[in-house]
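First the proteins, then the strands, lettered A, B, ... as listed; each starts at 1. Predicted, not measured: the structure shown is a model, and the values here were computed from it.
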Amino acid sequence: MMTDEVRVRFAPSPTGYLHVGGARSALFNYLFAKRHRGTFILRIEDTDRNRFIEEAMREIYESLKWLGITWDEGPETEGSCGPYIQSERLEQYRTHAELLAAKGHAYRCFCSPERLATIRGEQEKKKGKLGYDGFCRTLSDREIQSRLASGMPYVIRFKIPSGRCVRFNDLIRGTIEYRSDLLDDFVLLKTDGYPTYHLANVVDDHLMRISHVLRGDEWIASTPRHVLLYEAFGWSPPSFAHLPIILSSNGGKLSKRKGAASVMDYKRAGYLPEALFNFLALLGWAPGEDREKMNPDEMIASFSIEQISPKASVFDEKKLEWMNGLYMAERPVASLTGEVVPLLREKGWLDETAPLDTRYIEKMVLLLRERSKRLSDLVAAAHYFFIDPVAYDEKAEKKYFPAEAADHLLLLDLGMRNCPDFTRNSLEELFRKLAESKGIPAGTLIHPARLAVSGVSFGPGLFELLETLGRERVLRRIENAVAHIRKKATARPTVHER
RNA sequence: GGUCCCUUCGUCUAGUGGUUAGGACACAGGAUUUUCAUUCCUGCAACAGGGGUUCAAUUCCCCUAGGGACUACCA
């Protein structure tokens, strides 16, 4: 090793959206790089032309940026080891595959997909070892030349050495051993000239001087192949750490069908990026000291691979909700308002022809923020700030809209009409005094008033709510409610309720 | 089938050869409040099972069970 510089990479393949499991891998790489003042690299592994999805690259970039995970080298930022998109490095892979062939560590294989399927079928029947049988290993030069001359398609396979014990150290689990005889001669370069993951990964990690490979634990079983590849090239392998997967609450994989799976799903569900960042970091990693809510700098300061658990963890959305609530509470109102406005527009609650009443929306956000766990909850609770209630919650109406409530509301209407400044304090004074003069509990006025202005029986403190809504809206809604109650009262005699 | 990985409250986890096995989320109860939410108390709840090693194992070793990954010209 020339240097002990930390260089890590997140290497997704653009086959779809960025899964939260992938995001967590990216996050751990990021935290580790920052912890050691190293370099975090983004590399796109697009060597499968069949599964490539154009849209996916953009979604990956967008998801990472939204989460606040920025890369030091990679697409869009570049760096000294580019290009960082594998389809732009095909020459590199071909050269290296040929190099291995020349050194006797690899060979051309002309076996047809049909033959491969046949031997595979037989192996399955015999329940023996699966994998390529090495048929083309022993082709003579003459046979190879004649097939090449006739334009027969071929792949380049790695020649697995026999009788070897392949050992590597996993920073999270310790030593892992495999017998090389269990491995088959895997493909390095495909018929179409693209490399397989194994080749591209090893070549790039070496060329990009990657010091630590932190990746999903589905790669454990492939690691001995990679180790053998490094050896064949004469390179020293990086350190490895395999991260456990993230499961859904039912113990299975996290999937779109069972709710959310991608980073953008969580954005759409109303979560804040800093909350998801914090939550994801704590899945499989714990800094000790019972600390949970941490900002990125704190996480970076205490991050270490040794503290990562080898155990798969369940994504507990309830806990994410709780944590999101904490971040909602500390987000500045102006910032939260910026997040909420587009969502209100989607709902069609904002008058697009009028100028945006930011002051009003900010006051609303201030009232709703502490009782919302997600942006979507806040928006869901915001309707009556823009739309007059057209109906009232049924149970609440039975409880808070008795016939005499109309008289109470009318008195309040009169009082509020004459209330000099319409602030929470004077409104509260008005309510309390009125209740006192009528000899009734203040709640007898408060509850019907809340229902009248909001249509529901819960929400912010009534007086600040009234102040925020403003006199005009409040009086209009109170009068609507009075009319509603009176209409119901006169209708009642003709209606037999059960 | 083969190989490999994993196993502390329901969930995320801390932890140690001798602890009342700690915290957080969730859940339940209570306090506060004009409602809801917040907040604050309190409670419930775990070392997968079986063998060893040891004066002593949740902790070290082995086995079993359960879960998972890989076993492609996918990553």
Look for any protein N or O under 3.5 Å of an N or O in nucleotides 37-42 of chain B and output each such pair with its distance, or none.
unit_1, atom_1, unit_2, atom_2, d
B/rA37, O2', A/Glu370, O, 3.2

Original post:
Looking for any heavy atom pair under 4.0 Å, which part of the strands does A/Lys399 touch: base, sugar-phosphate only, or nothing?
Top reply: nothing

So what does A/Pro153 touch, heavy atoms closer than 4.0 Å: a base, only the sugar-phosphate, or nothing? nothing

note: A/Arg51, atom CZ; B/rA72, atom P; distance rounded to Å ~ 15 Å

Testing B/rU34, B/rU11, B/rC74 for proximity to the side chain of A/Asp316, the answer is B/rU11

Taking B/rU34, B/rU11, B/rA26 as options, the one with an atom nearest any side-chain atom of A/Phe463 is B/rU34

Derivation of the salt bridge (Lys or Arg N to Asp or Glu O under 4.0 Å) call for A/Asp393 and A/Lys399: CA-CA 10 Å; A/Asp393 178 81; A/Lys399 195 167 174 189; over 6 Å; no

Side chains of residues 306-314 of chain A: which donor-acceptor partners sit under 3.5 Å, not counting sequence neighbours?
unit_1, atom_1, unit_2, atom_2, d
A/Gln307, OE1, A/Trp285, NE1, 3.2
A/Gln307, OE1, A/Ser304, OG, 3.1
A/Ser309, OG, A/Lys311, N, 3.0

Regarding the side chain of A/Ile176, the nearest nucleotide among B/rC4, B/rG68, B/rC25 is B/rC4

Would you say that more than 12 heavy atoms from the other residues, nucleotides or ligands in this model lie under 6.0 Å from the CZ of A/Arg291, or not? yes

Sequence neighbours excluded, the answer for ring-ring contact (aromatic ring centres under 6.0 Å, His included) partners of A/Phe463 is A/Phe431

Side-chain contact check for A/Phe458: nearest option of B/rC74, B/rU34, B/rU35 is B/rU35

Check your understanding: Would you say the side chain of A/Phe10 lies within less than 4.5 Å of the side chain of A/Ile41, judging by non-hydrogen atoms?
Key -> no

| How is A/Ser13 classified with respect to the nucleic acid when contacts are heavy atoms under 4.0 Å: base, sugar-phosphate, or nothing? | sugar-phosphate

Answer for the Watson-Crick or wobble partner of B/rU19, both distances under 3.5 Å, is none

Query - Heavy-atom donor-acceptor pair, A/Arg450 side-chain to B/rU34 base, under 3.5 Å - result: yes

To the nearest angstrom, the CZ-C1' distance between A/Arg120 and B/rA72 comes to 7 Å

**Asked** Taking the C1' atom of each, how far is B/rU64 from B/rU7, in whole Å?
**Response** 13 Å

Original post:
So, A/Arg369 side chain and A/Val365 main chain: donor-acceptor pair closer than 3.5 Å or not?
Top reply: no

Quick one: does A/Asp377's side chain have a donor or acceptor within less than 3.5 Å of a partner on A/Lys373's backbone?
-> yes

| task | Determine the contact category for A/Gly443: base if any of its heavy atoms lies under 4.0 Å from a base atom, sugar-phosphate if only primed atoms, P, OP1 or OP2 are that close, otherwise nothing. | result | nothing

Exercise for the section: Looking at every strand, decide which applies to A/Leu116 at a 4.0 Å heavy-atom threshold: base, sugar-phosphate, or nothing. Expected result: base

Which of B/rC6, B/rU34, B/rC73 is nearest the side chain of A/Arg173? It is B/rC6

By the Watson-Crick or G-U definition, both distances under 3.5 Å, B/rG66 is matched with B/rC6

So A/Ser313, base contact, sugar-phosphate only, or nothing? Heavy-atom distance under 4.0 Å. sugar-phosphate

Review point. So what does A/Tyr197 touch, heavy atoms closer than 4.0 Å: a base, only the sugar-phosphate, or nothing?
Key: base

inquiry  = Less than 3.5 Å apart, any donor N or O on the side chain of A/Tyr271 or A/Glu317 sitting next to an acceptor on the other?
reply    = yes

request  = Under 4.0 Å between any heavy atoms, over every strand shown, what does A/Ala286 touch: base, sugar-phosphate, or nothing? Just pick one.
outcome  = sugar-phosphate

